[in-house]
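First comes the structure, then the notes that go with it.
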Amino acid sequence: ATTKEDAILLPTKHNKKPEPPIMSYPGQFPPGAYPPGYPAAGAYPPQQGYPPQPHGAFPPGAYPPQQGGFPPGSYPPPQQGGFPPGAYPPQQQGYPPQGFPPGAYPPQGGAPGYPGGAPPGAYPPGAPAAGYPGAPGGYPGYPPQAAYPGAPAPGFPGAPPAGAYPGAPAGYGAPAAPYGAPAPGYPGAPAPGYGAPAPGYGATAPGRDPGAFAYGAAAPADLPAHGTVVPYANFNAQEDASVLRKAMKGFGTDEKAIIAVLGHRSTLQRLEIIKAYKGSFGKDLIKDLKSELSGNFEDVVMAMMTDPIQYEAQCLHKAMKGAGTDDTTLIEILCCKTNGELNKIKAAYTELYKRELEGDIYKETSGHFRKLLISILQAIRDDSRVVDAAKARADAEALRAAGVGRIGTDESKFNEVLVTRSFAHLRAVFREYAQMTGSDILRTIEHEMSGSTAKAMKAVVHSVVDRPAYFAERIHKTMHGMGTDEESLMRLIVSRCEVDMVEIKQAYLINYQKTLAKAIADDCKGDFKRVLVALVGE
């Protein structure tokens, strides 16, 4: 049988203090599919104060009892004003219906019209469609995105009462999906799923096993996303060029004027400003900016004035230049790209440096890490959105046999499956693998591999199931602990602000209980801080 892809979320492993909190990807297995071994006692309480739970899993088919006495395997009765079993809450504006053929691979719980949404009552039988009791409230201080109407309906258990999220605008309720819904109604947004109550999108509650694999809605790499930097509506390249010229002419420099213009224009508009500047004043805008600016502020402005593909090609070259190699930069850029993006980066690299990116990767890396990156650079991932359930089970069994099912690890099989299979297929594989082994694929990778190979394979997995949450974690790491990695922070913000920064901000808010803009303002200074905040939005 064939189907569209299913969306899942995966947890990552707890880090020890003072490491940042590790994101989990909440949701649950359908009844009967939860990995064996979890005790029924010590159930999921409300959001605050998860009691420590033993390492293991709940008994098969046993849904962890909620505080309030719901027996294992049962669902809480609907809240007052709730929706009848099998019914979905009405969406504000709705999504075009997208059905699944009879016998299709079982999709995750969701509202009709969302990718991965199942028809009412289709999966699993008897499970309530909305899944969670309604919870009023909203995100702390996160304004609704007017451009994306139609947010999913409220409701996940344990959500704070109305007013618990300060600054939430009226009518913007807590999201239905446990990870925290993206901007209201963004196209392709997943709908409420089944799942044990968990503290939001990627957040790991105290005492919760971070390796417990869970079903749930996701924001995978092949679904639509939205940037915080969009083309300026009343754009006039000549006027912007004049403002920049005035900001740099005479004694001193008006950095705030420069940020006001460049921080609110798309890359293509900035490139038009470069042409208008030279046409109007006979001067090179890039040279003038370099002469007037300095330090991290100069670096981020130069990055903003560069074509995004060329900028990432430059970052890859810098990561391999000189003594040693910055494996983290190679992973963050290459392991989360589509076939088309990879081909453009390879072409830009060759144009800039007159040599092949693959050749430099081969010289600067080694072992299984080198093999994985070389495989990724071939850009041969299947782009189908249809899943063959039998093939997904076969790949799950192949991964089991290559890892936990043998002494030693066959990294080449992990390489083959993770690099060549479609995103939709891999989500089905990961689900089958969890049911088959009682463990999730991330935990297996951590146990079976090490070093940059493990980091790269985990990045591929995160990109498949929840790319925004992955980049939210990467951004947080640049600012966590002693000092700030300004170069990595700048690269991540500049390269994602026109791609999926709306979703990254929401993931960051839920996982770290702070807006991304506030985190940047607390950790950075001066004009560098101001321009980054302009790129991510308040």
Side-chain angles (χ1 to χ4, degrees), residues 9 11-12 14-26 47-50 135 137-145 156 158-169 172-175 177-184 198-206 208 210 219 226-229 263 462 466-486 488-490 492-494 496-497 500-526 528-538:
L9 296 174
T12 57
H14 272 303
N15 290 324
K16 296 181 179 179
K17 293 183 178 178
E19 290 295 319
I22 301 299
M23 296 178 287
S24 71
Y25 303 87
Q47 293 287 350
Q48 300 299 325
Y50 274 63
Y139 291 132
Y142 194 80
Q145 302 294 319
F156 63 87
Y165 298 110
Y172 189 77
Y179 63 85
Y201 184 102
T204 303
R208 181 178 178 182
H226 309 93
T228 48
V229 174
H462 282 300
D466 199 333
R467 186 164 58 177
Y470 170 72
F471 281 113
E473 180 184 24
R474 302 313 306 168
I475 290 171
H476 182 72
K477 284 183 178 293
T478 67
M479 299 183 284
H480 184 77
M482 297 295 293
T484 302
D485 182 355
E486 289 91 353
S488 294
L489 176 61
M490 173 186 72
L492 290 165
I493 296 295
V494 171
R496 307 311 304 181
C497 66
D500 54 1
M501 188 56 71
V502 168
E503 289 74 25
I504 290 172
K505 286 173 60 177
Q506 291 162 349
Y508 195 97
L509 175 65
I510 297 300
N511 283 297
Y512 306 108
Q513 294 79 52
K514 179 187 290 189
T515 66
L516 180 54
K518 180 68 163 58
I520 292 171
D522 289 345
D523 211 69
C524 304
K525 297 179 180 179
F528 180 65
K529 171 191 71 178
R530 284 187 278 273
V531 71
L532 292 184
V533 169
L535 293 177
V536 304
E538 293 291 345

Look up atom [atom1] in [X] and atom [atom2] in [Y], then write down how far apart they are to the nearest 0.5 Å.
| X | Y | atom1 | atom2 | answer |
| --- | --- | --- | --- | --- |
| Y508 | R474 | OH | CZ | 12.5 Å |
| I475 | K505 | CD1 | NZ | 11.0 Å |
| I504 | L509 | CD1 | CG | 13.5 Å |
| M501 | L492 | CE | CG | 8.0 Å |

Report task. Could you tell me whether a side-chain N or O of D485 sits under 3.5 Å from a main-chain N or O of S488, the two making a donor and an acceptor? Result ->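 A pair under 3.5 Å: yes.
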Query raised in the report: Is a side-chain N or O of D523 found less than 3.5 angstrom from the main chain of A519, in a donor-acceptor match?
Result: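 Pair absent, no side-chain N/O of D523 close to backbone of A519.
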Report task. Identify the residue among V533, T478, L535 that makes a side chain to side chain contact (heavy atoms under 4.5 Å, CB included) with I520. Result ->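 Filter result, single survivor: V533.
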**Report entry** Beyond-backbone contact of T515 with V536, side-chain heavy atoms, under 4.5 angstrom
**Finding:**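 Result no, sub-4.5 Å side-chain heavy-atom pair not found.
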Query raised in the report: Is there a side-chain contact between H476 and N511 (heavy atoms, below 4.5 Å)?
Result: no
Specify the closest pair of heavy atoms between [X] and [Y], including all atoms of both residues, with the distance to one decimal.
| X | Y | result |
| --- | --- | --- |
| A517 | G537 | CB-O, 3.5 Å |
| L532 | C524 | CD1-SG, 4.5 Å |
| A507 | A472 | CB-CB, 3.9 Å |
| F471 | R496 | CE1-CZ, 3.6 Å |

**Report entry** Chi angles and distances behind the side chain to side chain contact (heavy atoms under 4.5 Å, CB included) call for L489, M479
**Finding:** CA-CA 8 Å; L489 176 61; M479 299 183 284; 4.1 Å; yes
